[in-house]
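Reviewing the structure listed below.
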Amino acid sequence: MKIASFNVNSIKARLPRILHWFDEAKPDVCVLQEIKCIDENFPASEFEDRGYNVEVFGQKTYNGVALLSKHPVEDVIRGVPGFEDEQSRYIEAVILPEDTDPVRVGGLYLPNGNPAPGPKYDYKLAWMEAFTAHAESLLALEEATVLCGDYNVIPEPQGVYAPDKWREDALFRLETRQAFRRILNLGYFEALHHLKPEPFYTFWDYQGGAWDQDKGLRIDHLLLSPQAVDRLVGGDADRAVREPNSGSKETKPSDHVPVWVEIA
DNA sequence: ATGGTGGAGCATCCA
């Protein structure tokens, strides 16, 4: 089964492109970030028509996440447990495929944190600490778990086109990378980092011709529990989705591309 | 000198 994550930067502005990608990539499960709408305005029927169960944790104007699954879902969680958060940034559910074992999928939109230092960066670190505690509690369940989304973390210098320009940025500061490694060190496996031999990016800024010059960042990640790694078959980042005319000539691409893993 | 990219939603905030 294919499990994907896609920061769409507004579901409304992106719908034709998202549906085009869904029809081609046919993910079994997909978590979306930055839907930028309240639950009632999510275009659920477009996905239900394609056979998906739709779970939304929306927010007006900013943030907002959703989880779409072709298989039945149970135990849906909205928000990181135990963390008081005014922003909609996390959704989780257990996926129950008919033909294979369950997989728990968490979809996250981790705070950007700029400017750093400052209150926004403090919020990012607090969010990461709460998420790390939750990730640790999930490992104790000994289930196949995939925690994926826009982590807003560049894990290593190879994940950014000009690391020296990004040293003080909230996405790349040492403190940020340390906090990300604490999640990995619990026992999570950063799937695409290990699957793909060459450095790659998942985000290109709209400004300054970043796409044309391939000035990107690797900030969308899929973290797998050991039980999920046992079933890991493959995965990739769908770079072509960032092309100006991919899927729709009338609308612009997201600044992120979808990332996905195949789980047996 | 100014704007520079894009989305939400209507003045600015966020990324």
Side-chain angles (χ1 to χ4, degrees), chain A residues 5-21 31-43 46 56-66 85-90 107-128 131 148-155 159-163 165-173 175-177 179-180 201-221 237 239 241-259:
Chain A
S5 169
F6 190 4
N7 180 325
V8 296
N9 185 19
S10 168
I11 187 82
K12 191 179 170 203
R14 215 69 60 208
L15 193 58
R17 284 176 182 262
I18 297 169
L19 294 175
H20 182 262
W21 176 74
V31 289
L32 304 176
Q33 299 90 36
E34 283 203 273
I35 60 173
K36 295 186 174 179
C37 68
I38 57 175
D39 293 9
E40 303 86 275
N41 292 344
F42 188 88
E46 298 282 3
V56 183
F57 186 32
Q59 184 184 329
K60 190 183 175 183
T61 311
Y62 304 119
N63 314 309
V65 291
D85 198 347
E86 292 178 359
Q87 306 182 10
S88 302
R89 294 182 174 276
Y90 187 69
L108 60 141
Y109 177 46
L110 207 146
N112 176 295
N114 279 306
K120 288 190 173 182
Y121 191 62
D122 294 341
Y123 170 61
K124 178 177 195 155
L125 293 179
W127 205 100
M128 291 183 86
F131 178 71
C148 53
D150 178 0
Y151 278 76
N152 266 315
V153 174
I154 302 162
V160 49
Y161 63 94
K165 289 182 181 173
W166 286 76
R167 299 280 173 206
E168 300 308 317
D169 191 278
L171 279 62
F172 191 54
R173 316 180 89 207
E175 212 175 345
T176 304
R177 285 186 268 162
F180 183 71
Y201 303 135
T202 66
F203 165 93
W204 294 258
D205 200 289
Y206 289 119
Q207 300 186 63
W211 169 253
D212 293 325
Q213 299 167 66
D214 198 23
K215 292 181 173 177
L217 311 175
R218 185 166 75 84
I219 54 178
D220 298 87
H221 309 298
R239 181 184 167 98
V241 172
R242 188 63 175 79
E243 294 284 357
N245 284 330
S246 156
S248 158
K249 288 175 181 168
E250 293 76 35
T251 60
K252 296 180 167 69
S254 171
D255 39 8
H256 294 252
V257 295
V259 294

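Throughout, protein chains are lettered first and strands after them, A, B, ... in sequence-line order, and every chain is numbered starting at 1. Quick caveat, the model's predicted, so the values are computed rather than measured.
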Note to self: Heavy atoms only, 4.0 Å cut-off, all strands: where does Tyr109(A) land among base, sugar-phosphate and nothing?
What the structure shows: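 Sugar-phosphate contact only.
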Whole angstroms only, please: what is the [atom1]-[atom2] distance between [X] and [N]?
X	N	atom1	atom2	answer
Asn63(A)	dG7(B)	CG	C1'	13 Å
Ile38(A)	dA8(B)	CD1	P	13 Å
Glu34(A)	dG7(B)	CD	P	12 Å
Trp211(A)	dA15(B)	CH2	P	23 Å
Gln87(A)	dC14(B)	CD	C1'	10 Å
Asn112(A)	dG7(B)	CG	P	18 Å
Gln33(A)	dA15(B)	CD	C1'	14 Å
Asp169(A)	dA15(B)	CG	P	12 Å

For [X], side-chain hydrogen bond (donor to acceptor under 3.5 Å, both in side chains) partners two or more places apart:
X	value
Gln87(A)	Asn63(A), Arg89(A), Tyr123(A)
Tyr201(A)	none
Asn114(A)	Asn112(A), Asp169(A)

Anything under 3.5 Å between a protein N or O and an N or O of nucleotides 10-13 of chain B, put it in a table, one pair a line.
{"from": "dC13(B)", "atom 1": "O2", "to": "Tyr62(A)", "atom 2": "OH", "distance (Å)": "3.2"}

Next item on the list: Applying salt bridge (Lys or Arg N to Asp or Glu O under 4.0 Å), name anything that partners Asp214(A), two or more places apart in sequence or on another chain.
Entry: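 By the salt bridge (Lys or Arg N to Asp or Glu O under 4.0 Å) rule, Asp214(A) matches Arg239(A).
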Whole-Å [atom1] distance, [N] and [M]:
N	M	atom1	value
dG3(B)	dT12(B)	P	15 Å
dG9(B)	dC14(B)	P	14 Å
dG6(B)	dT2(B)	P	23 Å

Next item on the list: Compute whether any side-chain donor of one residue and acceptor of the other, for Tyr121(A) and Thr176(A), lie under 3.5 angstrom apart.
Entry: yes
Note to self: For Arg17(A) and Thr251(A): C-alpha separation, side-chain torsions, deciding distance, then whether side chain to side chain donor-acceptor pair (under 3.5 Å) applies.
What the structure shows: CA-CA 7 Å; Arg17(A) 284 176 182 262; Thr251(A) 60; 3.3 Å; yes
Next item on the list: To the nearest 0.5 Å, tell me how far Trp127(A) CH2 sits from Asp85(A) CG.
Entry: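 Trp127(A) CH2 to Asp85(A) CG: 7.5 Å, rounded to 0.5 Å.
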Next item on the list: With rounding to the nearest 0.5 Å, note down the distance linking NZ in Lys124(A) to CG in Asn152(A).
Entry: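 Lys124(A) atom NZ to Asn152(A) atom CG measures 5.0 Å (nearest 0.5 Å).
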Each nucleotide N or O in nucleotides 4-6 of chain B that has a protein N or O under 3.5 Å away: list the pair and distance.
{"from": "dT5(B)", "atom 1": "O4'", "to": "Tyr206(A)", "atom 2": "O", "distance (Å)": "3.3"}

Next item on the list: Evaluate the criterion side-chain contact (heavy atoms from CB on, under 4.5 Å) for residue pair Phe172(A) and Arg177(A); output intermediate values, then yes/no.
Entry: CA-CA 6 Å; Phe172(A) 191 54; Arg177(A) 285 186 268 162; 3.5 Å; yes
Next item on the list: On DNA chain B, check which nucleotide each of Ser10(A) and Asn114(A) is closest to and give me the residue with the more 5' one.
Entry: Ser10(A)
